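Worksheet for the structure shown next.
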Amino acid sequence: MIMGNRTDSDIKKLLFPLIKMKNANISMTIKVGEDEDEDWEPMGPTPMPKIPTLRHWDFKLLERYPPFYMPICDMCCLCTFGKCDLSKGKKGACGLNIKAQQARIVLIACCIGASCHAGHSRHLVHHLIEVLGRDYPINLGNEIEVEAPIARTVTGIRPRTLADLERILDYCEEQITHLLSAAHTGQEGSYLDFESKALHAGMIDDLAREAGDIAQIVAYNMPKGDEDAPLIDLGFGCIDKSKPVILCIGHNVVPGSYILEYLEENGIEDDVEICGICCTAIDITRVSEKPKVVGPLSRQLMFVRSGVADVVIVDEQCIRTDILEEVLKTGAVLIATNEKMCLGLEDVSHMSEDEIIGYLLRKRACLILDEEKVGKVAVEIAKIIAKERKDRKTLPDLSEIVELAKQCSECGWCNRNCPNTFKVKEAMILAKKGNFDGFIDLYRRCYGCGRCEEICQRNLPIVSMTTKVGEAYYKDLKFKMRAGRGPIKDVEIRSVGAPIVFGDIPGVVALVGCSNHPNGEEEVAMIAKEFLERKYIVVATGCAAMAIGMWKDKDGKTLYEKYPGEFKAGGLVNCGSCLSNCHITGAAIKIANIFAKVPLRGNYAEVADYILNKVGAVGVAWGAMSQKAAAIATGVNRWGIPVILGPHGAKYRRLYIGNGEKFTVKDKRTESLMEIEPVPEHLIITAENMKECICMIPKLCMRPNDTPKGRANKIYHYVDVYEKYFGRMPPDLEKFVRTEKDIPFMIKDKVMSYLEEKGWKPFDKYPQDPTVLY
């Protein structure tokens, strides 16, 4: 199980001193590999799967959910043979057709996403091993025995120490290398095999995230499944501008943790404001309750332009690549801390902290790869810069906005260049008259990409204008969200396993992904609210978790203040950052293992088959944007969990859509094959708007294993949301009613009337223990 070179080295080290001894009797046992602790569970059929190992499982999925492609471009430009025209059935110079080319692009995107999380996790694990040692134990507390369900299932390893996580990442990196190489010219030629490889990349992404999040949980003593994780401050309005402000952006907790450590060691925690954007924000609040969360990545450009931050720390992922330019415009200081984002800055890691502070006073930006030094440097330079910037104005005032708006030629390119076609031109026209209603609406919904001002012929600072209006008119920008709690406890799984599998809890809705929302953060909160009220289990991570917190009810409370943080019906669980997405998949795996006693160790296909047929969970990536989101969704798909994407998700170019016809499964109790209703109907699909998304969720939570009582519960919600949002019965309801027992009593008459109109006929039989593994 260990690498060949290292084995050779270890053996030589053992033998050479003994060989020099004359007449010595050598009696020894050479044990190749780590001490595996073989007793915890027999090894299953597929430990450390290679690319083709789970191909049979992938093909089962792809047969039921054939890839549907939406080419953005029908040219291939990846090699110097091209450009090759792949339209109308033509092949490229290498022989690739358009379907395989689209599948190749999906594989590349998933590899980028998986390598991003694997790189992040590798950085964390290496750093923590340097600080804490390879033998630092993995201990998530007495209430979590299945500490790494993904690692156990995929690799067969039960991680006991940080060194075990390193072994898991070795495997991830090896697989990513092979996967990416398959995208080279003249390699894979089948779209189905490209898709199988993309599913493999998604699984590796899941595994790498689990390794990274477990490492940071144990090393930084983050909450370990704490359903009462503290409520923390969220939003622009919670930042105390009277103090020096340090803003952390990205996905790596290490620099922020050193800042917190320096403040604590020097007793100045209340003297400096620490805040964050995106997943770094969530993770530093898992280390300490002191930092504030500004919001998801959609608030990045607006907050930087506001000039509130005196020092901006960037680490990795989801950071604007023009962040240096934007920060310098405000007179603040920028510190890059990660090799993946150096921004052309001079590496000053070799200097002392005091020398770096002097350098920053002269140059205003630098690269520090020694993250421990970032702690002192960020705090001390913030104290100096805050005094210097005290009276600096970074945004136009309202009267200046009126004058700027008057320069607008009303050409309309801002509207056309906006990904959501927001009415920027109309906001300008109103602002010319001193009416800011249009900009107020923009501030609420815009995710700050800046494409409007990039296209503006008059170079108007539209994002800055929007930010100022928002600052002036939205007085209550303080919210509460629950800190990321990490994994789901085993005891919680024991409580909800049976109700989920039999359908008494109608489903688990996981809201994840980026902030590329079609209509702002509010829609994510509305989706969560709808299903919390219906007693689904709602789970969230990353930008979606923050978006949920940025909406209040009429009593001024956020959903985190209204609903418990437990993994139970009607519970709202914030697992944490994007890395913590693994705990959502992990919960589904634990249901298979803890409730149904399905062995995990190296037993991927059986576990995924159980989830596909019995665990009513659906992922919603309403703002899916990045390659990481593509990898996350594809990884979730391989476990048999369907995903709904927002309308921008179509730009990933590929969906897995069922054709609406009946599926075939095997009933393990009777050993017979039989046709069943098409559940879950799709594996990955887009919804055009929030209403459509809400109506898809109950349908995609249906599973073949539902009892009549459980199916009736799910059908009730499907009918109810459809009537609520579209004013009529679901147009495909007849597909999902197996017998009259599946019809909820309170709506039986109208459902039966509808079914009769559709010519519905009940199933003669349906499976008691369905599987697709036959």
Side-chain angles (χ1 to χ4, degrees), residues 444-445 479 481-482 496 499-500 503-513 515 517-541 543-555 557-574 584 616-624 641-647 649 680-682 685-702 710 712-730 733 736 744 746-747:
R444 186 174 61 84
R445 298 197 294 158
F479 308 93
M481 68 177 289
R482 201 172 296 283
V496 301
I500 290 175
D504 296 323
I505 291 177
V508 180
V509 183
L511 293 161
V512 302
S515 47
H517 308 126
N519 276 305
E521 289 94 2
E522 186 175 330
E523 287 193 342
V524 183
M526 292 300 97
I527 295 169
K529 178 174 175 287
E530 182 70 57
F531 290 96
L532 286 166
E533 290 173 348
R534 294 175 181 276
K535 298 295 183 186
Y536 284 65
I537 300 173
V538 176
V539 186
T541 58
C543 286
M546 290 180 255
I548 289 172
M550 296 175 74
W551 177 85
K552 293 179 182 176
D553 67 7
K554 57 181 172 44
D555 299 322
K557 289 188 175 180
T558 68
L559 295 175
Y560 290 108
E561 294 170 284
K562 292 186 68 175
Y563 292 94
E566 298 167 70
F567 192 77
K568 68 176 188 179
L572 174 56
V573 178
N574 174 21
I584 300 175
V618 59
V620 180
W622 198 234
I641 300 173
V643 174
I644 303 170
L645 301 172
E681 187 176 26
H682 310 296
I685 189 167
T686 58
E688 289 299 315
N689 51 55
M690 183 186 72
K691 293 179 181 179
E692 193 175 303
C693 174
I694 287 175
C695 291
M696 279 186 187
I697 288 171
K699 182 167 67 170
L700 292 180
C701 284
M702 295 181 196
N713 190 17
K714 296 180 180 184
I715 283 179
Y716 170 78
H717 291 293
Y718 185 37
V719 171
D720 199 53
V721 293
Y722 222 95
E723 289 186 329
K724 178 177 178 180
Y725 290 101
F726 291 106
R728 57 191 170 90
M729 296 284 279
L733 181 62
F736 309 108
M746 62 285 272
I747 57 173

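The first residue of the sequence shown is numbered 1, and numbering continues consecutively from there. What you see below is based on every heavy atom in this structure, not just the backbone, and it leaves out hydrogens, waters and symmetry mates. Everything numeric here is computed off the predicted structure, so don't read it as measured data.
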Suppose we screen for side-chain hydrogen bond (donor to acceptor under 3.5 Å, both in side chains). Which residues come up paired with Lys562, at least two apart in sequence or across chains? Asp553

What are the two closest non-hydrogen atoms of Ala569 and Ile537, and how far apart are they? N-CG1, 3.8 Å

A side-chain contact here means heavy atoms from C-beta on lying under 4.5 Å apart; do Met481 and Thr558 qualify? no

Pairwise distance CD(Glu522) to CE(Met550) - rounded to 0.5 angstrom: 11.0 Å

Nearest-0.5 Å distance that lies between atom CD1 in Ile584 and atom CZ in Phe567: 9.0 Å

Flag yes if more than 12 heavy atoms outside Tyr716 fall under 6.0 Å of its OH atom; otherwise flag no. no

Nearest 0.5 Å, please: how far is CD1 in Ile500 from OH in Tyr536? 12.0 Å

Any sub-3.5 Å donor-acceptor pair from Lys714's side-chain atoms to Cys701's backbone N or O? yes

Report yes if some heavy atom in the side chain of Tyr725 is under 4.5 Å from a heavy atom in the side chain of Glu530; otherwise report no. yes

Closest non-hydrogen contact found for Ala617 with Pro642 is O-CD, 3.4 Å

Give the C-alpha distance, both sets of side-chain angles, the deciding distance and a yes or no for side-chain contact (heavy atoms from CB on, under 4.5 Å) between Ile527 and Met690. CA-CA 7 Å; Ile527 295 169; Met690 183 186 72; 3.8 Å; yes

Is the number of heavy atoms from other residues, nucleotides or ligands under 6.0 Å of Lys552 NZ greater than 12? yes

Before you tell me yes or no, could you show the steps for Glu523 and His517 under side-chain contact (heavy atoms from CB on, under 4.5 Å), namely the whole-Å CA-CA distance, both residues' side-chain angles and the distance that decides it to 0.1 Å? CA-CA 8 Å; Glu523 287 193 342; His517 308 126; 5.6 Å; no

Would you name the heavy atoms of Thr686 and Gly646 that are closest together and state the gap between them? CG2-O, 3.8 Å

Taken to the nearest 0.5 Å, the spacing of Ile694 CD1 from Arg534 CZ works out to 9.0 Å

Show the nearest heavy-atom pair for residues Ala528 and Val538, with the distance to one decimal. O-CG2, 4.0 Å

Considering all heavy atoms of both residues, which atom of Tyr563 and which atom of Gly570 are nearest to each other, and what is their separation? CD2-O, 3.5 Å

Using side-chain contact (heavy atoms from CB on, under 4.5 Å), reason through Val508 and Val496 one step at a time and then give a plain yes or no. CA-CA 11 Å; Val508 180; Val496 301; over 6 Å; no

Under the side-chain contact (heavy atoms from CB on, under 4.5 Å) test, which residues partner Ala687, sequence neighbours left out? Trp622, Ile644, Glu692, Cys693, Met696

So how far is it from Met526 CE to Lys691 NZ, rounded to the nearest 0.5 Å? 14.0 Å

Taking all non-hydrogen atoms of both residues into account, name the closest pair between Ile548 and Ala540 and its distance. CD1-CB, 3.8 Å

Intermediate values then yes/no, side-chain contact (heavy atoms from CB on, under 4.5 Å), Met702 and Ile715: CA-CA 8 Å; Met702 295 181 196; Ile715 283 179; 4.0 Å; yes

Check the angle between the aromatic planes of Phe726 and Tyr722 and answer parallel, tilted or perpendicular using the 30° and 60° thresholds. tilted

So His717 and Phe531, do their side chains get closer than 4.5 Å, heavy atoms only? no

Check side-chain hydrogen bond (donor to acceptor under 3.5 Å, both in side chains) between Lys557 and all other residues, then give those that pass, not counting sequence neighbours. none

Contact between Val719 and Met729 at the side-chain level, heavy atoms closer than 4.5 Å - yes or no? yes

Once you round to the nearest 0.5 Å, how far does CG of Asp720 lie from SG of Cys695? 10.0 Å

Is Asn574 reaching over with its side chain to a backbone N or O of Arg482, donor-acceptor style, under 3.5 angstrom? yes

